Protein chains: 2
Amino acid sequence: MARVPESQRVRDALENAIVDGRYRPGERLDPSQLEQQFGCSRTPIREALQALERSGLVSIRPKQGTYVTELSLAELADRFEVMAELEGMAARLCARRIDRGQLEELHHALQECQLYEQKGDSDGYYYANAWFHGVIYDACGNEYLRQQAHSLRRVLQPYRRLQLRVPDRMRRSLAEHRVIAEAIETGETEAAENAGRDHVLVQVKEFSQLVRTWREVTAGNR
Amino acid sequence: MARVPESQRVRDALENAIVDGRYRPGERLDPSQLEQQFGCSRTPIREALQALERSGLVSIRPKQGTYVTELSLAELADRFEVMAELEGMAARLCARRIDRGQLEELHHALQECQLYEQKGDSDGYYYANAWFHGVIYDACGNEYLRQQAHSLRRVLQPYRRLQLRVPDRMRRSLAEHRVIAEAIETGETEAAENAGRDHVLVQVKEFSQLVRTWREVTAGNR
DNA sequence: TCCTCGATCAATGCATCCAATCAGTACTGT
DNA sequence: ACAGTACTGATTGGATGCATTGATCGAGGA
């Protein structure tokens with residue numbers, strides 16, 4: 001039987017809530033409210049929050065409480081830059097190491113992406129997209145890279161949500177996926193790396209653009 | 001005044017002890033002994049150990065105690081592979097973004113490396129080497145990358161110790177540093193990336209070689 | 001109006017206690 | 001000799017009490 005410590009349950013629940021956007025960046029996590037919500041004492045809550053802080057999802061500001069991490073544009077850009085590198089690296093390794101079955105799974109994931117893109121279903125696309133990238137991480141043959149990539153991806157997830165609003169993003173994302181899959185299949189390491197990296201970098205650009213626009217728009221409101 | 005929580009003191013002390021090799025991989029960290037040593041109760045010890053586990057320096061095996069992480073060769077290889085990528089990335093960004101003062105510091109660090117190499121002082125070289133790489137991380141203009149690189153470097157540190165035994169390692173390391181610094185100075189991003197990456201990769205190769213040799217040697221002893 | 005001082009209270013760190021659990025081991029019967 | 005079992009002690013997760021700290025905010029003064 002899976003012995004699941006309370007602290008881990010809390011950790012997972014909060015992590016999912018943050019990644020899924022049920023808690024927004026900057027939102028306060030009230031310890032006593034969490035105690036009630038999870039029906040436990042401070043100890044497991046505390047441990048969960050500490051764990052989340054280490055993974056970067058929440059920030060504990062001493063004597064002021066714990067908040068869902070709110071990344072500045074610069075901090076976000078730094079993380080995306082590293083994410084791009086990990087993504088490129090994974091694709092490159094993948095192109096060299098992927099096996100038959102995994103390649104097949106990659107194609108399935110790609111088809112799934114295509115399916116939701118055609119339907120214009122961005123939620124569905126989100127999951128297909130996560131699957132596609134997950135296959136690449138799995139097949140890169142580097143377990144540590146897989147973990148790191150997943151972890152960083154989760155941290156960035158709350159901010160990716162905004163990107164869905166970028167017009168035409170899904171269609172272009174799909175096209176990029178095709179390029180990546182193609183390069184992996186044909187074993188072109190260099191091409192795979194560049195495609196994987198650019199796939200992330202392009203999002204940074206669009207994201208910064210989005211933020212800039214949003215700022216210009218909201219600037220007039222104050 | 002910076003009030004330093006006990007748990008953090010314990011954490012730092014243990015982390016340094018592990019990184020410096022005063023605790024060896026696989027060694028047990030006895031909680032009750034640590035309580036005595038640091039003169040505090042279980043709570044801060046526990047938190048410190050949990051933090052160290054998250055950063056990968058120790059492994060908590062449920063009901064069996066906490067041990068300094070002992071990485072298998074495969075796990076080690078994965079980490080070095082990622083480290084190489086981060087190192088290459090940092091060097092590439094550095095070549096693009098380093099400023100006058102930082103470039104000067106890089107040269108100082110390089111000279112320091114040269115100094116200790118000539119003296120054949122591997123401990124001194126270790127610190128000069130850390131400085132050299134630290135400058136690159138600082139100057140890469142990506143704070144997140146800086147943190148990640150430092151953190152991964154610490155995890156790998158206990159294993160690097162072995163490398164000092166590789167004959168001629170210091171001399172070649174220095175030569176590699178020169179190539180990296182040169183590429184950064186002249187702004188050749190591509191060259192810097194490759195030099196940075198290879199500088200780590202070469203160590204993996206030598207390390208695996210070392211382990212293999214060591215295994216062959218010790219295999220006869222049992 | 002703005003600044004300073006002090007009171008208040010939430011947040012925090014730590015110690016300690018309790019209970020559940022599991023690894024390892026000694027023991028038992030076949 | 002061996003398989004299965006019961007026991008024991010170490011380890012751990014969790015709860016709670018207590019003292020300390022520092023953020024916050026209002027009163028009083030410049």
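None of these values were measured; they are calculated from a predicted model. First the proteins, then the strands, lettered A, B, ... as listed; each starts at 1.
The nucleotide whose nearest atom lies closest to any side-chain atom of A/D30 is, among C/dA11, C/dC14, C/dG24, C/dA11. For B/S41, the side-chain atoms get nearest to C/dT16 when compared with the rest of D/dT11, D/dG14, C/dT16.
If you measure from atom OH of B/Y67 to atom C1' of C/dA23, you get 11 Å, rounded to the nearest angstrom. The interatomic distance linking A/R61 (CZ) with D/dT21 (C1') rounds to 19 Å, in whole Å. Following rounding to the nearest Å, A/I45 (CD1) and D/dG13 (C1') show an atom-to-atom distance of 14 Å. The interatomic distance linking B/R28 (CZ) with C/dA23 (P) rounds to 14 Å, in whole Å. The distance from atom CD of A/Q33 to atom P of C/dA11 is 12 Å, rounded to the nearest whole Å. Distance A/E35 CD to C/dT12 C1': 13 Å, rounded to the nearest Å. Distance CZ (B/F38) to P (C/dC14): 13 Å, rounded to an integer number of Å. Across the protein-nucleic acid pair, B/I60 atom CD1 and D/dA10 atom C1' stand 15 Å apart, rounded to whole Å.
Scanning atom types as modelled, one donor and one acceptor separated by under 3.5 angstrom connect the side chain of B/R42 and the base of D/dG13. At a cut-off of 3.5 angstrom, counting only N and O atoms as typed in the model, there is no donor on one side facing an acceptor on the other between the side-chain of A/K63 and the base of C/dT12.
Within the structure, a side-chain polar atom (N or O) of A/R46 is placed less than 4.0 Å from OP1 or OP2 of C/dG13. Between A/T43 and D/dG14 there is no side-chain N or O to OP1 or OP2 distance below 4.0 Å. The side chain of B/R9 places no N or O atom within less than 4.0 Å of a non-bridging phosphate oxygen (OP1 or OP2) of C/dG13. A sub-4.0 Å separation between OP1 or OP2 of C/dC14 and a side-chain N or O of B/S7 is present.
If you check every strand for non-hydrogen atoms under 4.0 Å, B/R11 touches nothing.
Note: A/Y137 and A/H150 have perpendicular aromatic rings, judged against thresholds of 30 and 60 degrees for the angle between ring planes.
In this structure, the side chains of A/E15 and A/V19 come closer than 4.5 Å at one or more pairs of heavy atoms.
Between the side chains of B/S173 and B/Y125, at least one donor N or O lies within less than 3.5 Å of an accepting N or O.
In this structure, B/R24 places its CZ atom where only 12 or fewer heavy-atom neighbours from other residues, nucleotides or ligands lie under 6.0 Å away.
With sequence neighbours excluded, the residues that form a ring pair (Phe, Tyr, Trp, His ring centres under 6.0 Å) with B/F132 are B/H177.
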